[in-house]
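Working notes, structure below.
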Amino acid sequence: MAFGKGHHLHLIDGSAFIFRAYHALPPLTRKSDGLPIGAVAGFCNMLQRYVEGNNGSDVTHVAVIFDKGSHTFRNDMYDLYKANREAMPEDLRPQMPLTRRATEAFNIACKELEGYEADDIIATLSCQARAAGGQVTIISSDKDLMQLVGGGVEMLDAMKNRRIDRDGVFEKFGVFPDRVVDVQALAGDSVDNVPGAPGIGIKTAALLINEFGSLEELLDRAEEIKQPKRRQTLIENRDQIELSKKLVQLDCDTPLDFGLDDLEVKDPDPEVLLGFLAEMEFRTLTKRISDALHVEAPAIPEPEVQQGDANAPDAPKIDPEKYECVSDLAALDAWIARAYARGWIAVDTETTGLNEMIADLVGVSLCVEAGEACYIPLTHRGGAAQKEGTEDLFSEKADDSLAPGQIPLEAALAALKPMLEDPSILKIGQNMKYDAKILARYGINLAPIDDTMLMSYAMHAGEHTHGMDTLSERYLSHTPIPIKELIGSGKSQITFDRVPIETAVRYAAEDADVTLRLWQLFKPQLHGAKVTRVYETMERPLVPVLAKMEMAGIKVDRQTLSRMSSAFAQKMAGLEAEIHELAGEKFNVGSPAQLGEILFEKMSLEGGKRGKNGKYSTGADVLEDLATEHDLPRRVLDWRQLSKLKSTYTDALQEHINKDTGRVHTSYSIAGANTGRLASTDPNLQNIPVRSEEGRRIREAFVAEEGKVLVSLDYSQIELRILAHVAGIEALKQAFRDGQDIHAMTASEMFNVPMDEMTPDVRRQAKAINFGVIYGISGFGLARNLRIPRAEAQGFIDRYFERFPGIKTYMDDTIAFAKEHDRVETLFGRVIHTPEINAKGPRSGFAKRAAINAPIQGTAADIIRRAMIRMPAAIAGLEGRAVMLLQVHDELLFEVDEGSVDQLIAIAKEVMEGAAAPVVHLDVPLIVDAGQGRSWAEAH
DNA sequence: GAGTTCACG
DNA sequence: GACGTACGTGAACTCA
């Protein structure tokens with residue numbers, strides 16, 4: 001029967017429950033692994049008391065409603081909405097998903113919607129229920145919900161057990177529910193950062209609304225207000241008041257993918273509920289509920305005293321012989337069912353290659369419990385003739401027919417797709433961007449995910465790399481089967497679809513098994529390392545964003561490149577002949593060793609320094625010095641530039657143009673750079689030439705599709721701004737606020753030159769010092785960069801520190817922190833370990849400079865990550881007319897319909913400039929410059 | 001596979 | 001007093 005008269009809906013404000021539980025209880029942790037669970041315990045207690053209290057009540061429908069995502073449509077109206085809200089406590093964050101699971105364990109509908117607050121969902125459901133003639137009780141004491149009261153809707157403050165009806169609302173606001181938003185719009189709300197009218201509180205607001213009847217009436221007739229100050233405030237702040245009303249007005253048209261009938265009250269399944277409580281190790285609650293349900297309480301083992309080896313002591317040994325080969329749909333369905341029973345599953349895909357844009361899916365492995373994993377072969381080749389051992393593993397004469405014993409690809413994917421896309425099933429993987437991109441090409445949108453590589457990166461950046469083999473050896477003391485044993489290496493390498501299925505099962509299922517074990521180890525460790533927020537807000541959400549960018553690719557014009565290649569080849573041939581002529585003999589210009597011999601032995605030029613392998617150094621700086629005396633070094637420098645441009649760019653980029661898309665698809669590594677920066681590979685699109693005129697022309701080959709333009713947005717001086725903030729240099733901060741030329745200003749301060757008498761050379765020197773500071777300046781380094789004597793460079797640095805003592809303090813404090821903790825942190829809490837900081841000898845010098853640089857470079861990296869993560873939602877309104885393509889550390893490149901360029905620039909600029917908030921409030925502004933054009937050369 | 005060189009921020 | 005040095009990356013090339 002459809003929801004209607006006689007039905008009674010309870011709507012529980014989940015977030016309110018959680019925060020109340022969190023603050024009411026001490027920071028309890030789960031005994032076995034230290035996972036914080038205090039809030040979950042309190043939450044479960046509150047749910048249980050709620051259920052018990054319902055005995056004999058008329059409730060027929062119920063749901064717990066949660067907030068989801070920190071960015072809602074209200075932030076699009078007003079970016080400071082809830083901006084002064086404290087970040088979620090580090091030990092509460094990992095408990096949020098557990099409160100969802102708890103709700104489900106109680107068999108109560110659990111609802112949330114990305115981009116909306118719980119209040120909006122509650123409002124929508126209340127409206128629907130009221131319209132259907134039913135009754136509603138909102139279990140919350142949040143005054144923002146009071147506007148919903150009336151016409152069968154009541155609120156219940158569960159703590160005080162007090163009902164709030166129309167009269168209760170009047171008591172609180174001085175108006176009835178239909179005018180509550182008017183009062184709130186005037187009074188504002190400091191908690192949610194709703195501005196309202198300055199100087200007007202709830203009392204005055206109610207007075208005015210009751211006098212004029214409504215907010216609109218009041219604003220229209222504001223001139224009639226007798227008190228001069230009040231009148232002026234209302235007239236001057238009209239826009240702000242109207243915005244405030246929009247902010248507090250709850251949305252009754254939230255697009256929900258469920259109806260009231262889905263919220264019917266159901267009895268909990270004792271096994272599921274007690275299973276969850278036992279998993280959380282809630283002993284008292286488990287006993288209480290099992291008594292109430294008249295079933296036996298499940299045993300909760302007392303955790304053993306921590307042993308020497310904390311690496312999953314009870315987990316079964318990793319034994320590749322025990323893995324299952326899934327070869328029919330019934331077996332596959334059984335594994336899918338196990339995922340549903342668990343709520344999570346480790347997933348790994350096997351493919352024909354490393355390039356996700358080209359590689360084909362060969363099989364999928366799954367793991368639900370340590371030691372229990374399977375492999376689902378899908379497109380292994382070799383047909384009937386294939387028998388392990390009877391055939392050379394790396395044989396070239398392969399049989400292209402499908403091997404027997406495999407589920408047809410389409411059928412297997414159709415079976416897996418609902419589970420892989422199910423929001424209630426967490427998919428766990430190692431480097432999930434790879435698997436997500438592969439599966440996307442088969443129409444599967446992998447979500448939600450957890451990624452062990454990114455967990456390791458969040459906890460251990462700077463300590464080691466984060467590949468699966470490294471992690472397995474380090475944290476599980478297990479060396480996984482090397483892929484080389486299956487596919488060989490070098491020229492005789494075969495693709496994974498040629499690997500015999502039996503062999504593939506052992507390898508592939510083991511990967512899923514190892515991944516699951518790593519996840520079980522890492523997940524509860526995140527909070528102890530205080531990086532849950534880093535992982536959840538700056539690592540994991542980047543995966544789908546980057547996957548989309550990489551799949552989009554950028555259009556590269558082959559003709560432009562190939563013409564340039566030919567031109568470079570010609571010029572190089574000419575230069576080579578001249579070089580041989582000048583040298584008096586033919587030699588390989590590309591060989592630094594041979595060039596060194598020619599320059600310093602045969603021509604016996606000065607300044608030859610031998611490196612550690614006894615070879616002369618012939619780097620650009622050396623040749624640059626020699627070029628003043630001789631012609632040959634200049635020719636070599638020119639030749640080298642052309643050689644670089646040709647081999648690395650104009651030749652190589654053509655090879656990277658995808659046959660199907662006609663575009664170049666890079667791959668970003670999220671966990672590559674220790675500081676939090678991304679790295680771009682295959683090809684690297686973060687080092688396309690721009691500094692030299694010749695090189696910049698390569699960017700003319702990066703073009704927009706017909707009817708579109710490329711738009712580039714880049715942060716201006718972001719690292720110097722961060723330095724000014726973290727070191728607290730008032731003069732620098734003020735200069736940034738005033739929009740001054742920061743290098744000229746530095747020069748002026750240092751050399752006592754008035755700004756209007758600044759010479760380019762003095763400014764250039766100051767610029768070098770500013771950059772040097774970010775890099776952990778040294779007299780030697782600055783001297784080499786500026787080509788001045790070392791003593792002079794040291795003099796500059798001394799004067800700089802004298803003028804900006806805060807910088808010196810920052811550097812000393814940072815090094816001291818690193819020495820004590822073996823790590824540094826960004827403003828957003830990203831941890832970068834500095835294991836060499838206390839080393840002896842020159843290594844500590846490197847480590848010190850890296851420690852000074854990491855918080856600055858890392859904070860800048862965090863900010864653009866945050867911008868990128870918010871960008872898809874921000875530009876969703878453009879409906880695909882703008883696509884984010886590339887990131888180059890402080891620049892984002894978009895491809896945009898000609899007609900939508902201005903709109904995109906406005907949106908993206910705002911997102912980028914506001915990306916630090918609300919977690920960090922920089923006291924320098926972030927400024928983003930925009931450019932556009934047919935090619936990247938024009939846009940930049 | 002190490003070392004050198006050079007492209008970028 | 002001597003070490004050795006700007007920070008962070010990836011790719012191509014030579015040469016053992």
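In what follows, chains carry the letters A, B, and so on, assigned in the order in which the sequence lines appear, proteins first and then strands, with residues in each chain numbered from 1.
Checked by atom type and distance alone, the side chain of A:Glu913 pairs as donor or acceptor with a backbone atom of A:Val928 at under 3.5 Å. Using modelled atom types, no side-chain atom of A:Lys659 and backbone atom of A:Ile358 make a donor-acceptor pair closer than 3.5 Å. In terms of modelled atom types and a separation under 3.5 Å, the side chain of A:Ser667 and the main chain of A:Asp682 share no donor-acceptor contact.
Within 4.0 Å of A:Thr648, counting heavy atoms only, lie sugar-phosphate atoms of the nucleic acid but no base atom. Residue contacts for A:Glu891: at a heavy-atom cut-off of 4.0 Å it reaches no nucleic acid atom on any strand shown. Looking at heavy-atom distances under 4.0 Å, A:Asp890 makes contact with sugar-phosphate atoms alone, never a base. The residue A:Phe846 sits close only to the backbone: its heavy atoms come under 4.0 Å of sugar-phosphate atoms, none of a base. Among the atoms of the strands shown, none is found under 4.0 Å from any heavy atom of A:Ala861. Within the nucleic acid shown, A:Arg696 has no heavy atom closer than 4.0 Å to any nucleic acid atom. A:Glu719 comes within 4.0 angstrom of nothing in the nucleic acid, heavy atoms only. Using a 4.0 Å heavy-atom criterion, one finds that A:Ile688 contacts the sugar-phosphate atoms exclusively. Within 4.0 Å of A:Ile774, counting heavy atoms only, lies no atom of the nucleic acid at all. When heavy atoms are screened at a 4.0 angstrom cut-off, A:Gly590 is found touching the sugar-phosphate backbone but no base atom. Note on A:Ala860: nothing from the nucleic acid sits closer than 4.0 angstrom, heavy atoms only. Nucleic acid contact class of A:Gly841 (heavy atoms, under 4.0 Å, all strands): none. Residue A:Ser680 is classed as a sugar-phosphate contact, given heavy-atom separations below 4.0 Å to backbone atoms only. Here A:Ala851 lies out of heavy-atom contact (under 4.0 Å) with every strand.
With rounding to whole Å, A:Lys767 atom NZ is found 20 Å from C:dA6 atom P. One interatomic measurement links the two molecules: CZ of A:Phe780 to C1' of C:dG4, which rounds to 7 Å at whole-angstrom precision. Spacing between atom CG of A:Asp682 and atom C1' of C:dA11 amounts to 10 Å, rounded to whole angstrom units. What separates CZ of A:Arg865 from C1' of C:dG8 is a distance of 13 Å, to the nearest Å. Nucleotide B:dC8 holds its P atom 10 Å from the NZ atom of A:Lys644, rounded to whole Å. Put simply, NZ on A:Lys646 is 17 Å from C1' on B:dC6, counting in whole angstrom units. Residue A:Glu836 contributes atom CD, which lies 15 Å from atom C1' of C:dG4 at whole-angstrom precision. The distance from atom CG of A:Leu637 to atom P of B:dA7 is 10 Å, rounded to the nearest whole Å.
Between A:Gln594 and C:dC15 there is a side-chain N or O to OP1 or OP2 distance below 4.0 Å. Under 4.0 angstrom from either OP1 or OP2 of C:dA6 there lies at least one side-chain N or O belonging to A:Arg784. Contact between the side-chain N/O atoms of A:Asn684 and the OP1/OP2 oxygens of B:dC8 is not found at any separation under 4.0 Å. At C:dG8, none of the side-chain N or O atoms of A:Arg677 fall inside 4.0 Å of OP1 or OP2 (strictly under the cut-off).
Within 6.0 Å of NZ on A:Lys609 lie no more than 12 heavy atoms contributed by other residues, nucleotides or ligands.
Using P as the reference atom, C:dT5 and B:dT5 are 13 Å apart when rounded to the nearest Å. Across the P atoms, B:dC6 and C:dA6 are found 14 Å apart, a figure rounded to whole Å.
Not a single donor-acceptor pair, N or O on each side, falls under 3.5 Å between the base of C:dT14 and the side chain of A:Ser591. For A:Arg843 against C:dT5, a side-chain-to-base donor-acceptor contact under 3.5 Å is absent. For A:Arg691 against B:dG9, a side-chain N or O and a base N or O form a donor-acceptor pair under 3.5 Å.
Checking C:dA2 for Watson-Crick or G-U wobble geometry (two distances, each under 3.5 Å) identifies no partner in any strand. Base pairing analysis places C:dA11 opposite B:dT5; the two distances defining the Watson-Crick or G-U wobble pair are each below 3.5 Å.
For the atom pair CZ of A:Phe894 and CD1 of A:Ile905, the computed distance is 10.0 Å after rounding to the nearest 0.5 Å.
Distances from the side chain of A:Tyr649 to the nucleotides B:dG9, B:dA7, C:dA11 place B:dA7 closest. Nearest to the side-chain atoms of A:Asn785 among the listed nucleotides B:dG9, B:dA7, C:dA6 stands C:dA6.
Between A:Phe804 and A:Tyr800, the gap from one ring centroid to the other is short of 6.0 Å. Remark: aromatic rings of A:Phe817 and A:Tyr810 are distant, center separation not under 6.0 Å.
By the 4.5 Å heavy-atom criterion applied to side chains, A:Phe600 and A:Leu626 are counted as neighbours.
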